Amino acid sequence: MTARIEIRNLWKEYGEQVVLEHINLSVAAGDFCTIVGASGCGKTTFLRLLLGEESPSRGEILLDGEPLTAEPGPDRGIVFQRYSVFPHLSALRNVMLGLELRGAPLSGRLFGAKRRRARDEAAAMLEAVGLGHALEKYPDALSGGMQQRLALAQSLVMHPRILLLDEPFGALDPGIRADMHQLVGRLWRENDLTVFMITHDLKEGFHLGTRLLVFDKLRHDPDAPRAYGAGVTYDLPVARADQRTLERIEADVSRSEALAPQSAEAEQASETRPAAQPTAGADAGAGARKGATTP
Amino acid sequence: MKRIINQRPRRGAALLLGLLPFVLVVIVYAFASDARLTANPNDKLLPSFATLGETVSRLATEPSKRSGDIELWKDTAASLQRLALGVGIAALIGLTFGVLLGALPYLRAGLAPFVASLSLIPPLALLPILFIVFGLGELSKVVLIVFGIAPFIVRDLQQRVQELPREQLIKAQTLAGNTWQIMLRVILPQVLPRLIDAVRLSLGAAWLFLIAAEAIASTEGLGYRIFLVRRYLAMDVILPYVAWITLLAYLTDLGLKQLSRLLFPWYHGKEEHA
Ligand SMILES: Nc1ncnc2c1ncn2[C@@H]1O[C@H](COP(=O)(O)OP(=O)(O)OP(=O)(O)O)[C@@H](O)[C@H]1O
Ligand SMILES: [Mg+2]
């Protein structure tokens with residue numbers, strides 16, 4: 001079986017700055033990858049590469065064995081931290097939009113029976129994310145958490161092959177964030193999704209997925225902080241990660257945060273880093289399949 | 001005591017305060033007019049309210065001896081028609097090009113500098129050219145208004161389109177939207193209320209160009225009338241006309257604001273919460 005996402009020797013540079021280097025990764029359909037890493041290390045860049053918004057400087061990304069189209073498309077869904085929903089459309093219309101755009105290339109609107117079908121589908125999806133009572137509300141009238149639920153419904157109704165989440169709940173209160181994580185876990189199981197989720201909330205996000213990807217610099221040159229990019233330093237099947245590993249990862253992430261390019265006094269050099277575990281390649285997620293974890 | 005920046009009038013007080021300057025102007029005018037008329041009963045500069053009232057009722061109800069039309073309404077209809085045509089065409093141009101330039105980088109690269117230069121040409125300097133090219137009829141007046149405000153609307157809307165969050169446009173692409181659909185269903189509806197804002201902002205300029213054009217070459221219209229009766233120092237006509245134009249401008253603005261609230265509740269929701 002070909003992997004859902006296959007990444008081969010992926011590099012991304014912006015001018016002088018190397019953001020990502022030498023990433024090899026294979027993600028099977030149904031995997032739920034949680035991505036963590038220091039701020040500014042390139043997590044969003046990685047997601048944007050998967051989305052097709054940016055193209056790799058080197059290397060390639062395959063989606064179901066085919067090279068990725070170089071612009072965003074309906075096979076990849078996304079939820080950003082903010083601004084993912086359309087303020088001029090009611091919740092229902094927001095979710096119907098994708099179905100309408102797909103069904104009517106010219107007018108972008110459906111009529112008659114097709115419209116009713118799209119409406120029902122959208123309403124069912126809103127029900128599934130817990131917005132069944134707010135179909136006619138405009139995003140402005142929804143709370144932050146509800147807006148993110150709406151953004152999820154909007155993406156899921158298209159049945160994307162991969163779902164990308166860039167700190168989707170980062171702006172929410174911790175309590176609501178926990179609910180949202182529950183929701184994503186449930187949607188993932190019910191809809192057979194393949195998910196990449198960036199989170200800063202390691203403790204919660206981690207239990208959710210099947211696989212934890214930690215982005216960090218593999219090498220560090222204190223004189224040229226921009227010379228080396230981040231790679232995947234840990235690729236753990238979540239079922240096998242124990243509390244100690246988790247704590248070590250957390251310590252790493254916060255140390256990298258302190259080492260980030262903006263703090264010029266990067267006195268700790270690379271020798272203080274723990275030995276990075278090389279990416280395990282195609283079978284990394286083999287230990288943890290769907291159902292192995294319950295959030 | 002609270003700082004002055006924290007002291008706010010209540011609703012009723014605010015209304016009264018708002019009316020105060022108007023009342024003051026009327027009172028000052030009444031005194032000044034009275035003083036001048038006592039000194040010279042034939043003074044034309046500051047006609048009394050009685051004279052103004054008579055003139056207004058004559059203008060608004062009696063057909064003119066020369067043409068048989070009621071002048072005030074005829075002038076109003078002529079001016080409003082020119083204004084509506086000019087502003088309407090400018091809005092249409094502004095919307096079309098604003099959305100296109102905002103959404104399509106290639107078109108923007110090609111046209112934005114050109115539009116920017118166009119908007120720097122003083123429209124009134126073009127008036128003689130318009131008269132030469134389009135004649136002295138309606139067309140040149142409408143074209144002057146269009147030329148005067150369309151570049152501003154184009155640039156304003158282009159700006160608004162470019163300000164739409166990048167996330168939204170990406171999201172629309174992941175929802176299977178092609179360029180045309182995204183312009184039609186994501187960009188266009190979101191800039192429509194912005195268009196109304198831009199039109200409201202440019203109405204003052206539109207009136208300016210209208211009156212200038214009417215003053216120079218016309219046979220009817222509010223601007224034409226004011227400049228015509230100027231020769232006879234007919235302040236009793238000019239003052240009511242100016243007030244009437246002001247009222248029309250105010251009502252147009254108010255109407256557009258209400259229209260926007262009616263059509264785009266999602267756009268105004270934010271203001272009400274704030
Ligand atoms: N378009 C761009 N041009 C130049 N540099 C960029 C661009 N996009 C990102 N970068 C740089 O790439 C690095 C990684 O950015 P990225 O947004 O991927 O980090 P991140 O891991 O998502 O951070 P955060 O956790 O704060 O969201 C940053 O140093 C950023 O300045
Ligand atoms: Mg980020």
Side-chain angles (χ1 to χ4, degrees), chain A residues 44 47-48 50-54 69 71-91 93-109 136-142 150-151 153-164 166 168, chain B residues 95-96 98-100 102-107 156-157 159-198 257 259-274:
Chain A
T44 298
L47 231 57
R48 284 162 54 144
L50 285 177
L51 187 62
E53 192 195 347
E54 291 278 351
T69 30
E71 58 177 1
D75 48 0
R76 285 153 285 159
I78 179 103
V79 175
F80 297 103
Q81 190 166 356
R82 296 177 63 193
Y83 304 125
S84 297
V85 297
F86 301 106
H88 63 294
L89 297 173
S90 67
R93 297 287 182 87
N94 255 293
V95 180
M96 281 170 70
L97 184 67
L99 302 171
E100 291 191 287
L101 295 180
R102 189 163 59 193
L106 217 57
S107 69
R109 285 172 197 280
E136 296 307 327
K137 288 221 165 97
Y138 283 98
D140 185 44
L142 300 176
L150 177 57
Q154 207 179 19
S155 288
L156 291 183
V157 82
M158 302 300 286
H159 302 290
R161 286 197 262 178
I162 56 174
L163 179 63
L164 307 170
D166 190 353
Chain B
L95 185 64
T96 312
V99 167
L100 288 173
L104 307 176
Y106 261 94
L107 203 64
D156 188 62
L157 289 194
Q159 196 70 40
R160 304 290 159 229
V161 174
Q162 287 181 263
E163 278 168 16
L164 288 178
R166 183 188 56 85
E167 286 89 340
Q168 267 190 34
L169 300 185
I170 301 224
K171 183 84 186 193
Q173 295 177 57
T174 68
L175 300 180
N178 59 36
T179 299
W180 163 249
Q181 290 175 315
I182 292 175
M183 289 199 290
L184 191 69
R185 297 238 32 213
V186 176
I187 297 177
L188 184 69
Q190 290 197 69
V191 295
L192 280 179
R194 307 294 199 155
L195 175 68
I196 294 193
D197 287 347
K257 192 163 125 189
L259 185 73
S260 180
R261 284 177 176 277
L262 194 75
L263 294 179
F264 314 112
W266 55 269
Y267 180 70
H268 297 277
K270 285 186 210 104
E271 298 166 11
E272 273 146 30
H273 294 205

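Hydrogens, waters and symmetry mates are skipped; everything else that's a heavy atom, side chains included, is used. Order of the sequence lines fixes the chain letters, A, B, ..., with proteins taken first and strands second; residue numbering starts at 1 for each chain. Quick caveat: nothing in here was measured; it's all calculated off a predicted structure.
The shortest heavy-atom contact between B/Gln168 and A/Phe86 is O-CE2, 3.5 Å. Among all heavy-atom pairs drawn from B/Ile170 and A/Pro72, the shortest one is CG2-CG, 4.1 Å. Heavy-atom minimum distance, A/Pro105 versus B/Trp180: O-CD1, 4.0 Å.
Proximity to chain B is limited to the backbone of A/Ser107, based on heavy atoms less than 4.5 angstrom apart. Residue contact with chain B, scored on non-hydrogen atoms closer than 4.5 Å, involves the backbone and the side chain of A/Ala151 alike. Residue A/Arg93: no heavy atom, backbone or side chain, is found under 4.5 Å from chain B. With a threshold of 4.5 angstrom between heavy atoms, A/Val157 does not approach chain B through any atom at all.
Looking at B/Gln181, its side chain never comes within 3.5 Å of a backbone N or O of A/Arg102 through a donor-acceptor pair. B/Lys171 places no side-chain N or O within 3.5 Å of a backbone atom of A/Phe80 that could act as its donor or acceptor partner. Judged by distance alone, the side chain of A/His88 and the main-chain N or O of B/Leu188 form no donor-acceptor pair under 3.5 Å.
Counting heavy-atom pairs under 4.5 Å between each of B/Pro193, B/Ala176, B/Ala172 and chain A puts B/Ala176 at the top. In terms of non-hydrogen atom pairs under 4.5 Å with chain B, the most contact-rich of A/Val79, A/Leu106, A/Leu99, A/Leu51 is A/Leu106. Heavy-atom pairs under 4.5 Å with chain B peak, among A/Arg82, A/Arg76, A/Glu100, A/Arg109, at A/Arg109.
For A/Arg161, the CZ atom is densely surrounded, since the number of other residues' heavy atoms within 6.0 Å is greater than 12. Annotation: A/Tyr83, atom OH; neighbour count of heavy atoms from other residues, nucleotides and ligands within 6.0 Å does not exceed 12.
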Run the side chain to side chain contact (heavy atoms under 4.5 Å, CB included) test on A/Leu89 and B/Arg185 for me, step by step, so that the C-alpha distance in whole Å, both residues' side-chain angles and the decisive distance to 0.1 Å come before the verdict.
CA-CA 10 Å; A/Leu89 297 173; B/Arg185 297 238 32 213; 4.0 Å; yes

Worked check of side chain to side chain contact (heavy atoms under 4.5 Å, CB included) between A/Gln154 and B/Leu175
CA-CA 8 Å; A/Gln154 207 179 19; B/Leu175 300 180; 4.0 Å; yes

